[in-house]
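Below: one structure, written as structure tokens.
Quick note on labels: first sequence line is chain A, next is B, and so on, each numbered from 1.
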Amino acid sequence: MKVKVLVSAVVMATASNVFAAQNYADFPVTVKGYEGKAEHSVAYTGQAARQVLHTSLKKLAGKGNGQANPELKAQMLSYYEGKDAGREIISPTSKGAFVVTETQVDELSKEKNLSGKAYKGAVPGWPGNMTGQEVLSFMIDKASAANKGYDPLTGYDYAQLISKFAMGAVFYNQAVDNYLDEKLEADTKPNNKAYGEGKPYTGKEHVWDEAFGYFGAQANALNLTAEQVYKVAKQKEEALAYADVNKDGKVSLYNEMTYAHAYYAAGFDKGGKTDYLHTIVQAFVDGRQLIADANGEALTDEQRNKLKGYAKTIADNWEMVIAEAVFKYAGSTYKDLQKLNEAIESNGDAAKLFRKYAKHWGELKGFALALQTGKDNLGETAVKLNRLVGFSPVLLGNTQVTGIDAKGNYVQSSSINMKEYMLHMLKVQKLMVDQFGVKARANDVMADLGDLADKLGSGSSVEND
Amino acid sequence: MFETFAQFYQDLIVAFTDPKKRVYWGYLAVSLGIALLWLKCKTPKDEAWFGSKLFSRRIWWSESARADYLIFFINRFSFLFIAPLLLAQLTVATWLFEALHQWIGHRPVLGQGWPDWTVMACFTLFYFLLDDFFRFYLHKLLHEMPCLWVFHKVHHSARVLTPITVFRAHPVEGILFSLRTTLVQAISIALFVFFFGSRADLATVFGASIFAFLFNITGSNLRHSHIALGYWNWLERWLISPAQHQIHHSTNPVHFDKNYGVVLSVWDRINGTLVLSERNQDLQFGLSKQVEIGEQKLLNLYLQPFLEFQEVLLSRITKSVKALTNR
């Protein structure tokens, strides 16, 4: 009997270790000579704080009343570039049974902002020849004076533009062009030293954790299906059961919540054609395990090369997630344009349809700009993408924003018409297929071709008549 | 290697178990039933009606039929390697869809207010008509262009006709058939999806197009058989009967280059190549009455067309050079 119990205990302990290894949590402290009380070395609180700064900023971007609003602008800027104490988490907040633990940004991490980490390179897809950091400031200024984030004169939906671009310009850029790039070199943030004095994690451990935090996946994502992770991000009541890992009845916005690109990855994966979420999180877990296994020693070249392999898997799949989003919203925009054209021809109500078109275009544009904030210059692909999408949606009078004047006002010029713009959306989808090989292909304009082709069957035949 | 053989085996099975295929067992069974009925009704009372044309070893195990069986296997196997090199219908359809968008400049929506079944009926009919016409036209070219006839001759060298004769084709012909199907499907899919969106659909029975199903369930397999099942004359002006297709295989020179059609005979009627069947027609099949030595040898069937193709090409070049020098 005793033997049986012992065997069961060993099996359970082994199983629990396996289970633990699947979570991005509980990696041991390996810093040599660490004397603090921490039992684990995983920490990405600063990134979690930026995740909620982003979600809150998005919420604020939709709060304007159509008039210049210095108060709102100041509030938005405090989330974007401020470091003030006492900032409330505007989103996500508790929703029914899905209760979240933190209500203040400082509960996650103090003195954090987004602008300090925003992309400093040029953004050729947005008028005004600005850096990524400046584009976000500019959009915030415009959003504060827009009506619920929407400007009907230009077709801009700032909540979408700010949110989707910030996800690229801050999270994606920081992760793939900084933490998973130059910070993996031997002489930067070495593994045989604590990240900072008294810290329970080494340089490399923390660098890796920060990249993970920017991706936005909950720590137990590998134990859940894409559908479940998606539901967590959507704060569905039933998701509480599998989000709340420590069983305190609440969802911690630090490591039990899903945000940003992890949410989009789950959204695509639940269609069953891709596995971006698990591929990326698995690479993060494997990389973290490799660093932990080095046990506080400097990583050898071989170990770093292996780590760079994981980093490449993460960066490649992350880029695919953004390309999938561009594909998806190009499809939505195409469909909106089709409905809009039909409504115009039949003298129907175009205003609602135009609003929807503006929303989807904002998502498309935000992701298209985000795609260009990665580590590699996309070259001709970026030029094509920017030309096809343009600086703004094509407007009802066949005009498009073509620039910004010295006072910061938009300049519009005549453009192709909305019907011709549909072809641009089709070409954007084709570009994503040809250049990135997107697989989930949500809102595929040409999906019906494939469905019908399947029905007709293969053309190869050796039958005579 | 194992995967190749597994795929080969799968292809063989599918040929007889998929209702989209001509020799699906169900269609073969129905054809047998129709043949039995036909023979029972049409054979003079003093003659044995059962067996002679249906189950004769002289037909099913003749040198010609055995060549059919081997060609069936060889072609199926070789197409495992050829098919991936051919254009997929979806690739062409995608290109056409984009080209339509480019040419028209926008995407007009047709059939607004039509019920979905109307769009489905239009697509199914359009696809059937286009496919049947392209089959007719390629068949006509195969007969009338010497450089293509050398390959199509392989099919016409059959001395006996069985449902498996449908597979007696030179691989070059197989490639042409595949390209034809690709083109027809791509045109149909691209046009209908472009103008009707997701409402474009195919009306099917057991997964097969309703027209293909009707064609096959009414005895299409008897086209390649010794059962001279003919329709009424008025009907044969619209639909090709099995007996009419057998005329197409006849060694009688008056029957050469006639009845190219598959389902509809209207194409032949317009083209002036329609011949109606006759009662009690008794035909000899093949390229000519004279049986040539080695005409059913596989090596000849596969390689001879290439040699003849070379001859056709050389004679063409010689003629062109002569015409140029005489000018």
Side-chain angles (χ1 to χ4, degrees), chain A residues 327 330-331 333-348 353 384 388 394 398 415-434 438 441-465, chain B residues 18 20-22 72 75-76 79 82-83 86-90 93-94 97-98 101-102 105-107 109 112 123 127 135-136 139 152 155 165-169 171 173-174 177-186 188-190 192-193 197-198 200-202 204 207 209 223-224 245 260-262:
Chain A
F327 184 97
T333 307
Y334 179 97
K335 287 171 186 173
D336 294 337
L337 281 162
Q338 197 166 17
K339 284 180 193 158
L340 201 51
N341 284 325
E342 284 166 31
I344 293 166
E345 274 163 25
S346 60
N347 291 321
L353 292 170
K384 281 184 185 169
L388 288 169
V394 169
N398 298 339
S415 67
I416 54 170
N417 63 37
M418 287 175 132
K419 289 174 178 173
E420 290 161 337
Y421 194 47
M422 283 173 70
L423 183 60
H424 281 214
M425 295 301 106
L426 188 69
K427 286 182 178 175
V428 168
Q429 287 205 325
K430 193 168 183 304
L431 190 67
M432 293 302 107
V433 172
D434 293 346
V438 292
R441 300 191 193 179
N443 288 333
D444 186 354
V445 172
M446 292 198 277
D448 297 328
L449 294 175
D451 293 346
L452 207 47
D454 285 345
K455 224 166 190 185
L456 291 176
S458 154
S460 74
S461 147
V462 278
E463 289 176 27
N464 224 302
D465 291 314
Chain B
D18 181 356
K20 283 183 187 166
K21 307 288 180 191
R22 174 85 67 91
F72 170 63
N75 283 357
R76 286 271 146 180
F79 253 68
I82 296 171
L86 301 176
L87 268 176
Q89 89 271 57
L90 191 55
T94 305
F97 184 93
E98 286 168 12
H101 231 308
Q102 194 92 46
H106 62 107
R107 193 173 168 192
V109 183
Q112 275 176 308
F123 175 76
Y127 175 61
R135 281 174 189 268
F136 159 83
H139 197 179
H152 189 52
H155 181 63
T165 311
V166 79
F167 299 112
R168 185 183 178 114
E173 240 191 323
F177 294 150
S178 293
L179 290 176
R180 176 202 64 204
T181 308
T182 298
L183 195 63
V184 169
Q185 292 191 349
S188 311
I189 295 170
F192 272 75
V193 170
S198 59
D201 201 359
L202 183 74
T204 58
S209 157
R223 290 160 63 88
H224 293 115
H245 189 69
Y260 295 128
V262 181

Heavy-atom neighbours of Lys20(B) NZ exceed 12 at 6.0 Å: yes
With a sphere of 6.0 Å drawn around NZ of Lys335(A), does it hold more than 12 non-hydrogen atoms of other residues, nucleotides or ligands? yes
Taking the side chain as C-beta and beyond, is there a heavy-atom pair between [X] and [Y] under 4.5 Å?
| X | Y | result |
| --- | --- | --- |
| Val193(B) | Met446(A) | no |
| Glu342(A) | Val109(B) | yes |
| Lys427(A) | Gln102(B) | yes |
| Leu426(A) | Arg107(B) | no |

Mind listing the closest non-hydrogen atom pair of Asp201(B) and Lys455(A) along with its distance? OD1-NZ, 2.8 Å
Mind listing the closest non-hydrogen atom pair of Ala453(A) and Leu90(B) along with its distance? CB-CD1, 4.2 Å
Engaged part of [X] at the chain A interface, taking heavy atoms whose separation is under 4.5 Å:
| X | result |
| --- | --- |
| Tyr260(B) | neither |
| Tyr127(B) | side chain |
| Ser209(B) | neither |

Rounded distance [0.5 Å steps], [atom1] in [X] versus [atom2] in [Y]:
| X | Y | atom1 | atom2 | answer |
| --- | --- | --- | --- | --- |
| Gln89(B) | Leu449(A) | CD | CG | 10.0 Å |
| Lys419(A) | His101(B) | NZ | NE2 | 11.5 Å |
| Asp454(A) | Ile189(B) | CG | CD1 | 9.0 Å |

Option in Glu98(B), Arg22(B), Gln112(B), His152(B) with maximal non-hydrogen atom pairs under 4.5 Å from chain A: Glu98(B)
Contact class of Gln338(A) relative to chain B, heavy atoms under 4.5 angstrom: side chain
